[in-house]
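Following: one structure in structure tokens, then a few remarks.
Chain letters run A, B, ... following the sequence lines, proteins first and then strands; every chain starts at 1.
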Amino acid sequence: MGTTPLPRIFYARDTLEVAKDLLGKVLVRSAGDRKLAGRIVEVEAYKGLSDPASHAYRGENGRARLMFGEVGRCYVYFVYGNHYCVNVVAKSSRAKAGAVLLRALEPLTGVEVMRRNRGTEDKFRLTSGPGRLTRAMEIDLKLYGTDLTKLGSLYIGDGGLRPEEVIVTAARVGVTRAGQRPWRFLIAGSEYVSVSPGQGAVSKTQLPLKAGLPQAKSRRYRQ
DNA sequence: GGGACGATGTCCT
DNA sequence: GGACATCGTCCCC
């Protein structure tokens, strides 16, 4: 699992569909002789020109230009003077721009390096948040524009949901410019998500999530 | 050219 | 629950 990069056609579909299908896939960071990897458990979709919360909302300018280009590349940006966030460009052929923000991972490979990078031993907090996961995985602006469909310093490998896993749909986090659009998707019951739907930050004792939350159909991407 | 603020995380109370 | 770190962008002088 996670050794073959997803092909470009995976990303050439509706942004919301790609977002949901990215759950369970594996983000891989190769840095020198090190390999860091984590399973994607939480994402958010940003729909370009029709989405006031998207950096692409104001048009094809500056850093956002990338979201109007080739799908399957990564859009990295810097926020709050402290953190990097990583997105994947994904959109149907009709859409002008679109991207999926990676919000949380389940650490798989290189956990000790991630602990060092994050300065904490708590495995549930190493990669449970967009800023945390980039810190753990050593992702910054140098990787802006990296082609994630090629075996390289950063790519997304195959994988999928386990049969019992269900996708939960929720409002996006930290978004102030668009009304509450239910464009956040996470794996129900994962102990590695950032913010549980309708609650504050996730702590170990609040988990696992159980049924009763609004849900989207669980589905698998066919290789 | 400058000021406000953000797709956040951490520490403190 | 709230302050604040800290800087790239955007938007409006």
**Request:** Test Val193(A) against Ile187(A) for side-chain contact (heavy atoms from CB on, under 4.5 Å), laying out the working first.
**Result:** CA-CA 8 Å; Val193(A) 301; Ile187(A) 296 178; 5.7 Å; no
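- Once you apply a 4.0 Å limit to the heavy atoms of chain A, the touched nucleotides of DNA chain C run 5' to 3' over dA5(C) to dC11(C).
- When the ring pair (Phe, Tyr, Trp, His ring centres under 6.0 Å) test is applied to His83(A), no partner is found at least two apart in sequence or on another chain.
- For the pair Arg13(A) and Phe10(A), the cation sits on the ring face: its NZ or CZ lies under 6.0 Å from the ring centre, inside 45° of the axis.
- A salt bridge (charged side-chain N to carboxylate O under 4.0 Å, His left out) with Asp14(A) is found for one member of Arg94(A), Lys91(A), Lys47(A) and no other, namely Lys47(A).
- In this structure, Tyr80(A) does not pack face-to-face on the six-membered ring of dG6(B), missing the 5.5 Å centre cutoff or the 30° plane limit.
- dT8(B) atom C1' lies 12 Å from atom CZ of Arg135(A), rounded to whole Å.
- With values rounded to the nearest 0.5 angstrom, Leu6(A) atom CG is found 6.5 Å from Ile156(A) atom CD1.
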Any N/O pairs under 3.5 Å between the protein and nucleotides 1-5 of chain B? List them or say none.
none

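- When base pairs are accepted only as Watson-Crick or G-U wobble with both N-N or N-O distances under 3.5 Å, DNA chain C takes part in stems of 3 or more pairs at B:1-6 with C:7-12, B:8-12 with C:1-5.
- Under the 4.5 Å side-chain heavy-atom criterion for Ile, Leu, Val, Met, Phe, Trp and Tyr, Leu49(A) and Met67(A) are members of distinct hydrophobic clusters.
- At dA7(B), none of the side-chain N or O atoms of Arg184(A) fall inside 4.0 Å of OP1 or OP2 (strictly under the cut-off).
- Taking atom CG on Asn82(A) and atom C1' on dA7(B), their separation rounds to 15 Å, with Å as the unit.
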**Request:** List the steps and the verdict of salt bridge (Lys or Arg N to Asp or Glu O under 4.0 Å) for Glu165(A) and Arg39(A).
**Result:** CA-CA 13 Å; Glu165(A) 289 178 328; Arg39(A) 186 168 177 264; 2.7 Å; yes
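- Contact check for Tyr192(A) versus Lys123(A): side-chain heavy atoms found under the 4.5 Å cut-off.
- The separation of dG1(C) from dA7(B), taken at their P atoms, amounts to 22 Å, rounded to a whole angstrom.
- Contacts between residues 56-70 of chain A and DNA chain B, defined by a heavy-atom separation below 4.0 Å, involve no residue at all.
- A cation-pi contact links Arg172(A) to Tyr46(A), judged by a cut-off of 6.0 Å to the six-membered ring centre and 45° from its axis.
- Taking 4.5 Å as the limit, every side-chain heavy atom of Arg103(A) sits out of range of all side-chain heavy atoms of Val43(A).
- With a 4.5 Å cut-off on side-chain heavy atoms, Asn61(A) and Phe68(A) do not count as touching.
- Under 4.0 Å is where a charged nitrogen must lie from a carboxylate oxygen, and between Arg8(A) and Glu70(A) at least one such pair does.
- Taking atom NE2 on His55(A) and atom C1' on dT8(B), their separation rounds to 12 Å, with Å as the unit.
- In this structure, the separation between CD on Glu138(A) and CG on Leu36(A) is 5.5 Å, given to the nearest 0.5 Å.
- Residue Arg115(A) holds its CZ atom at 5.0 Å from CD of Glu112(A), rounded to the nearest 0.5 Å.
- Considering CG of Leu133(A) and CZ of Arg135(A), their distance stands at 12.0 Å, rounded to 0.5 Å.
- Residue contacts for Gly81(A): at a heavy-atom cut-off of 4.0 Å it reaches a base atom on one of the strands shown.
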Would you list the protein and nucleotides 10-13 of chain B atom pairs, both N or O, that sit under 3.5 Å from each other?
residue: dT10(B); atom: OP1; partner: Arg118(A); partner atom: NH1; Å: 2.5
residue: dT10(B); atom: OP1; partner: Arg118(A); partner atom: NH2; Å: 3.1
residue: dT10(B); atom: OP2; partner: Arg132(A); partner atom: NE; Å: 2.9
residue: dT10(B); atom: OP2; partner: Arg132(A); partner atom: NH2; Å: 2.9

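- How far CD1 of Ile139(A) is from OH of Tyr84(A): 12.0 Å, rounded to the nearest 0.5 Å.
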